[in-house]
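Presented below is the structure to which this report refers.
These numbers come from the heavy atoms of this one structure, side chains and all, not from hydrogens, waters or symmetry mates. Bear in mind that the values here come from a model prediction, so they are computed numbers and not experimental data.
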Amino acid sequence: MGQFKTKLFLLMGCFSLLIITAITYADQKRFTNRLLEDAKLHRSLVQDTIMTAVADVDKAYSLMDADLERTMEQISYSLREKYDENPDFESWDFGQLKQEYSGIDIYIINEKNVIAHSSYEVDIGLDFDHTAPDFSNYLNRVRTSGTFVADLVDAEQRTGKIRKYSYIATPDQKYIIELGVQLTGNRLFELFSFVEVAERLENKYSDVERITVYTADGKALGKTDSDGKALALDASFADILKQVKQTMQPASLTRMENGRQIEYMFIPYVREGGEHAESYTNFRLIEIAYNNDLRQEVTAENRKIFILQLLIVFGASLVIASIIVKLVATPMYFAAHDPLTGLANRVAFERKFNQCSSKVCKSGGLMALILVDIDHFKEVNDSLGHDGGDDLLKKIGETIRSSIRSSDLAARMGGDEFAVMLKPIQNPAQAAAIAENMINAFRQPIIVKGRDVVEQFKVTASLGVALVPDHGTDFLTVYKHADLALYRAKHSGKNHYVIFDHTMAE
């Protein structure tokens, strides 16, 4: 009975744990999915905001910066005329020219795409073939076109300051005259500055690590490194820049930085149409770095809550399971067990027998039914009373259990009649050996009310054995044949077993 209660309790506990885990896990999964959806929506908002800011700058300059471009174009043609008159740049006073042209810097790019002369001396010697091959190809196209070209916003190679550049080739195509206007501090630029928008987003959202807008050759617009030079795209992202420029599709990657998980989004932006359709500066690479600190923190906290909820609910379910076990264990137990001996009752035994018989017949195996009848039980019951008889029945149940295998099933069929199902057996000889073992077990002393009933009342056991499928396949048939064998055993001297054969039925 105690083992049955324990098994029932463990079964209900495991079932409760399974259900609770499934429900709690589903809730955890919903929370995680909702968190991911919120993060996705939030990041989409951040990306749209910075894309809009970049687009606004381009639109503003397209609509409002025509005067500046016309000025730069006039200066470019004026300088080209000056070159026709005096192609010796060594004799040019670039500082004076800058003052003459309202602070606009002048650059002379030679045939090797190196800045040979400039009013902005910091950039003299800058080799575009080496530092920006794509831009160098763009300069070659400008050189052969012979037309004036003005870019949108761009970044200085050495300082990263945001400028507007224009280009025109000399008539002999040996040089390119480049003009540069610094936009930092320009009222129009400040009004539509995507750099400030990026900074506001970084400050507003804790998961936005940084936002950087790069030019086509990987120079950051408006950002410098620790040396005061233009911040360059991480060298490990060079392939991504190339990929995004080729496919014009966003890319992403995740990596650990200083023990933190950082997710990078690389978004292409291209201004199409207008006067700047062929401009090298039409392309932008927007890099947004997100950290997962908050998400990981919330997920970890929710995981703790999940485990706590699981423990609380599981504990409560165990308490409920123990109460249910107390209420239903006894009725359930005695529905399938004999209340006196604890063995299976006739109904449960018959049901189990038919199940096992069906499996054995399908597999081509063999099993056996042994009926056990106690010899001289009535004398014990009459002499020692019903309580003595009950005690003897308990001892008989224990004796039968100890003399069979763990895979076998013993039952009290009623009165002093017992049954054993041997499942499976290899051959009839194995059934005979187990029957003989049971006979020997009943020859050992059995003490009831201080008396050895084996010695005093000659208590022994008679056994009848029938085999499945040799002697039948259903319980009633096999039982009938085992009962005939038992009858033969009792009427041929008792205290031994008999295996059924068909002559008994005749």
Presence of salt bridge, K449 and D387, under 4.0 angstrom: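 Judged by the 4.0 Å cut-off on N to carboxylate O distance, D387 and K449 do form a salt bridge.
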Those residues that, when tested against H481, pass ring-ring contact (aromatic ring centres under 6.0 Å, His included) (two or more places apart):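 For H481, the residues satisfying ring-ring contact (aromatic ring centres under 6.0 Å, His included) (neighbours in sequence not counted) are F500.
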What distance separates [X] [atom1] from [Y] [atom2], expressed to the nearest 0.5 Å?
X	Y	atom1	atom2	answer
L486	L463	CG	CG	7.5 Å
I447	L392	CD1	CG	11.0 Å
L369	Y479	CG	OH	8.5 Å
L476	D483	CG	CG	12.0 Å
C356	M367	SG	CE	5.5 Å
L343	R412	CG	CZ	9.0 Å

Test item: [X] side-chain N/O and [Y] main-chain N/O as donor-acceptor pair under 3.5 Å:
X	Y	result
E263	S252	no
K394	L340	no
S402	T399	yes
D452	I446	yes
N437	S403	yes
R488	H491	no
K458	H376	no

Neighbour count above 12 (heavy atom, 6.0 Å) for K395 NZ: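 Counting neighbours around NZ of K395, more than 12 heavy atoms of other residues, nucleotides or ligands fall under 6.0 Å, so yes.
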Residue R210 excluded, over 12 heavy atoms near CZ under 6.0 Å: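 Above 12, so yes.
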R255/S236 under side-chain contact (heavy atoms from CB on, under 4.5 Å): CA gap, chis, key distance, verdict: CA-CA 11 Å; R255 69 181 186 183; S236 61; 3.1 Å; yes
Would you mind reporting whether [Y] and [X] have side-chain heavy atoms less than 4.5 Å apart?
X	Y	value
H471	V465	no
F135	T215	no
I211	E202	yes
V360	K423	no
M265	I286	no
L241	Y214	no
I240	L233	no
M438	I404	yes

Scan [range] for pairs that pass ring pair (Phe, Tyr, Trp, His ring centres under 6.0 Å), counting only residues two or more places apart or in two chains.
range	answer
residues 400-427	none
residues 377-403	none
residues 235-263	F237-Y264, F237-F266
residues 435-468	none

If you compare all heavy atoms of [X] against all heavy atoms of [Y], which two are closest, and at what distance to 0.1 Å?
X	Y	value
A368	L467	CB-CD2, 3.7 Å
V454	R443	CG1-O, 4.0 Å
Q243	A251	NE2-CB, 4.0 Å
P469	C361	CB-SG, 4.1 Å
T473	V468	CA-CG1, 4.2 Å
A216	F283	CA-CD2, 3.7 Å

Listed partners of R401 passing salt bridge (Lys or Arg N to Asp or Glu O under 4.0 Å), at least two apart: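 Counting only residues at least two positions away or on another chain, R401 forms no salt bridge (Lys or Arg N to Asp or Glu O under 4.0 Å).
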Listed by chain and number, what are the side chain to side chain donor-acceptor pair (under 3.5 Å) partners of [X], not counting sequence neighbours?
X	result
R451	none
D474	T477
R346	none
T460	D375

Check against side-chain contact (heavy atoms from CB on, under 4.5 Å), R260 and E209: CA-CA 11 Å; R260 300 165 67 218; E209 196 75 8; 3.0 Å; yes
Pairwise side-chain hydrogen bond (donor to acceptor under 3.5 Å, both in side chains) hits with a residue in residues 352-363, at least two apart: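 For residues 352-363: none.
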Let me check something: any side-chain donor-acceptor pairs from residues 424-436 under 3.5 Å, sequence neighbours excluded? List them with distances.
from: N427; atom 1: OD1; to: A429; atom 2: N; distance (Å): 3.2
from: N427; atom 1: OD1; to: Q430; atom 2: N; distance (Å): 3.0
from: Q430; atom 1: OE1; to: Q426; atom 2: N; distance (Å): 2.7

CA sep, side-chain torsions, deciding dist, call: V453, L384, side-chain contact (heavy atoms from CB on, under 4.5 Å): CA-CA 10 Å; V453 295; L384 301 182; 4.2 Å; yes
side-chain contact (heavy atoms from CB on, under 4.5 Å) between I370 and Y497, intermediate numbers included: CA-CA 9 Å; I370 301 177; Y497 70 91; over 6 Å; no
Donor + acceptor pair across side chains of R200, N203 (<3.5 Å):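 No.
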